[in-house]
Structure formats: structure tokens, C-alpha cells
Amino acid sequence: MTENLFQPYALNDTLTLENRILMAPLTRCMADDDLVPTQAVADYYARRADTGLIISEATIIRPDGQGYPNTPGIFSAEQIAGWQNVTSAVHAKGGKIFAQLWHTGRVAHPHFFDGEYVLAPSAKKVEGSVPRMRELTYTVPKPATAEEIDQLVADYAQAAANAIEAGFDGVEIHGANGYLIDQFLHYSSNDREDEFGGTPENMARFPLAVVDAVSQQIGADRTALRVSPGAYFNIEGDKRDRQVFDYLLAELEQRELAFLHIGIFDDSMEFDYLGGTASSYVRKQYSKTLVGVGSYSAETGSEAINDNKFDLLAIGRPLIANPDYVEKVKKGQTLVDYSDEMLAELI
Ligand code: FNR
Ligand code: 8K6
């Protein structure tokens, strides 16, 4: 009943995926202390090369974007070389891989980069502390100046260029899950009064500047974006956010991105201000390639594609538990259930 997942899908003239199952980006905190992906990381991705497209774990564009221990970067020569090893291993097995470009904004912590403060749209801190390092409480961020915002845009574009140098087939800009780009898009984290806040157009300005700078650097056909119109992680929702995303999606509709990807853990979650689930809301506003995700099985995901709810299915936790997920689904074999303890090891 999952045949549609095994049909090829052309993202555009340059990229065709062999099937419609994507590996969702999954932070594993397994880079070495210079934030370089190791051989074990390369082997882990290579084992999943039969997915239609791997989206890498979130990868920081510069040191002050780091919010978790041992998350990989893509700003140093060593990191680029480490990723080259990963992309070669995936390509050798016939796979495709995008890099997910990340800056955590106010969810960063000065502990990781020996800094004095973290940057975000506004001086509004996120409650809580770093997972697995609970002694590191989140700090009140410093609102980025217009110059600092320009530099961030340039650093995303440089990271995209570095990703291509490292052999990635494209990049997904991480605009979801309450991190820097998402912080600009929600009223609870953005109360700026300059051209980056206060209205939907202003709140979408930085995210769109990043999309455009990255597209210009490596081509829109190799640029994707992940968004969370429904606030659910590291951020509070506000019913006015709806207008921001209405504006953002209308703007994205005019661009030719490789795809748009929903950021959510459970796509059955309904948001009153979106009038339903995150994917149903985006599907109504955006007609191009959409990647759905969030607690789907191959069966429910296949059905959602059949019902035209989205075009491609990203799978996260089941792919942590089953490196051979695609083959098992194809053969109708039983999957191993995911459990959080599996995060301790790369299988
Ligand atoms: C995630 N997720 C995630 N999302 C993202 O955009 N970048 C990331 O680096 C991560 N990292 C991450 C780590 C772990 C351990 C989990 C469980 C999740 C979210 C992920 O991409 C996906 O949206 C969710 O896991 C929901 O899909 P599944 O797992 O229900 O198929
Ligand atoms: C991107 C950094 C990820 C760090 C590890 C995340 C581990 C998440 C484990 C899954 C738990 C689900 C969390 C649900 C989020 C909010 C629901 C309202």
C-alpha cells in the first residue's frame, strides 16, 4: 500500500529523487570537538543512502550559532573536509544529501563558543536550559543590529558555498523549530520596531534575505527551506503569527526553491490560528513541492501523499532505529521501534 513512495520525483530540471522518502534532519551530537563529522558519521549516513534524499543533521554556520554539544559546523576547512568524506560516502552508494544550515539564535549558549552573549531578534529569552547540560540556563539575547543581520545573511550564503564545496547536492535552510530564522517570524520572540519587526513584511525580511542570498550563491534549485508556522518548540505561538506566514508563503510561492519542508514533531497537532495542522495550512498557501513530516509511518505518509496533502515524506525517528528503513518498508518487513536511548549510538 506504499507504492507511491517508491516513485521517482523531479524536484526540478537538475535534481530527481529516486523515491519519496527523505531522511529528516536529526541532530546527533556526534561531531568531534572541532565540530567535524567523523568517519562514524559518514558511515551512518551512507547506511541510509537509499532514501530519496538525506537532509543532514542541523549544521552550524558559525560558532555563535551553537546550542548543543558536538553539533557539526560548516565554517572551517576541517569541517568542510569532514563533510566531503560524508558526501562521498553517500554518493558512492548512489544517494543524495543536502546540508541543513543552522543558527540557533537565542537557543545558543555562550558556553559553546566562549562568547559573552547570544544574538537574536530581541532581548527575549527562551525559558529553560540546554538538553543534557541542564546547568546551562538560556540567557537573555542581545538584539542583533542591522549590521549584524547583514553579516548573518552573508554567513548563511558562505555556509551554502561551503556546503557545495563539501559535495552536498544542495542545502536546506533551517527556518523552523524556534531557532534564529523562526525567532524573527513569531511575535513572542520578535518585538523589534525597525525594518525587521512589527509587520509581516518586516518580520519576514531577514528570513527572505537569507533565502535570496543562499539562492543567489548556489542556485534556487539547490536551496530548500524548513519552516514552523505552528509554534511548538523553543517558542510561543501568537495568533498574529498567521499573517506573517501568510506573507512569507506568498513570497516563497514566487521563488523556485527545491522544496519547502514543514518543521513539526507530530503533524496531527492542530493550531487554532492556522485553522488546522501545519501541513494543511501551508498546502493551502503554497502550491510547489512540499515535504511533510511528523510522526508518520510509511503507510500514513503514503496515504497523505495520495490525498495530496504533501508531495514527499520525511522520516526522522524511525530512520534512527532502522538504517534499512527503505528496504524494510519496500519488503513489508517489521520495523524496530524508536526509543530515546538509541540516541547514544550511531547505528
Ligand atoms: C530532530 N528534529 C530536527 N529537526 C531539524 O530541523 N533539525 C535537526 O537537527 C533536528 N534534530 C532532531 C533530533 C532528534 C533526535 C529528533 C527526534 C528530531 C526533528 C525531525 O527532523 C523531525 O521533524 C521529527 O523527528 C518528526 O519526525 P518523525 O521522527 O516523527 O518521523
Ligand atoms: C534540534 C536539536 C534537537 C535536540 C534533540 C531533540 C530531541 C528530541 C527528542 C524527541 C522529543 C519530542 C519533542 C517534542 C517537542 C515539543 C512538543 C510540543
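No experiment lies behind these values; they were computed from the predicted model shown. Each ligand, and each atom within it, is numbered from 1 in the order the structure gives.
Ligand 1 has no N or O atom lying under 3.5 Å from any N or O atom of Ile320, backbone or side chain. Residue-to-ligand polar distances place Gln100 within reach of ligand 1: an N/O pair is separated by less than 3.5 Å. Taking any N or O of Ala24, backbone or side chain, none lies under 3.5 Å from an N or O belonging to ligand 1. For the pair Thr27 and ligand 1, the shortest N or O to N or O distance falls below 3.5 Å.
Residue-level proximity to ligand 1 for Ala176 is absent, since no heavy atom of it falls below 4.0 angstrom. Here Arg28 has no heavy atoms under 4.0 Å from ligand 1, in either its backbone or its side chain. The part of Asn177 lying near ligand 1 is the side chain, judged by heavy-atom distances below 4.0 Å. With a 4.0 Å cut-off on non-hydrogen atoms, Leu343 touches ligand 1 through its side chain and not its backbone.
The shortest heavy-atom distance from Pro318 to ligand 1 is under 4.0 Å. Every heavy atom of Ile55 sits 4.0 Å or more from the atoms of ligand 1.
Listed by number with element, the atoms of ligand 1 under 4.0 Å from a non-hydrogen atom of Arg317 are 17 (C), 25 (O), 26 (C), 28 (P), 29 (O), 30 (O), 31 (O). Atoms of ligand 1 found under 4.0 Å from any heavy atom of Ile315, numbered from 1 in the order shown, are 31 (O). Per-residue contacts place His174 under 4.0 angstrom from the following atoms of ligand 1 (heavy atoms of the residue considered): 5 (C), 6 (O), 7 (N).
No hydrogens or angles considered: nothing links the side chains of Gln79 and Asp34 as a donor-acceptor pair under 3.5 Å. Between the side chains of Ser122 and Asp191, at least one donor N or O lies within less than 3.5 Å of an accepting N or O. Between the side chains of Asn308 and Arg283, at least one donor N or O lies within less than 3.5 Å of an accepting N or O. With no hydrogens or angles considered, a side-chain donor-acceptor pair links Ser287 and Glu253 at under 3.5 Å. Asp32 and Thr38 are not linked by any side-chain donor-acceptor pair at a separation below 3.5 angstrom, with hydrogens and angles left out of the test.
For Tyr45 and His91, the ring centers are positioned 6.0 Å apart or more. The aromatic ring centres of Phe233 and Phe265 sit less than 6.0 Å apart.
Evaluation of the salt bridge (charged side-chain N to carboxylate O under 4.0 Å, His left out) rule for Glu256 yields Lys288 as partners, not counting sequence neighbours.
Under a 4.5 Å side-chain heavy-atom criterion applied to ILVMFWY residues, the cluster that includes Leu22 comprises Tyr9, Leu11, Leu15, Leu17, Leu53, Ile55, Phe98, Phe259, Val291, Leu312 as well.
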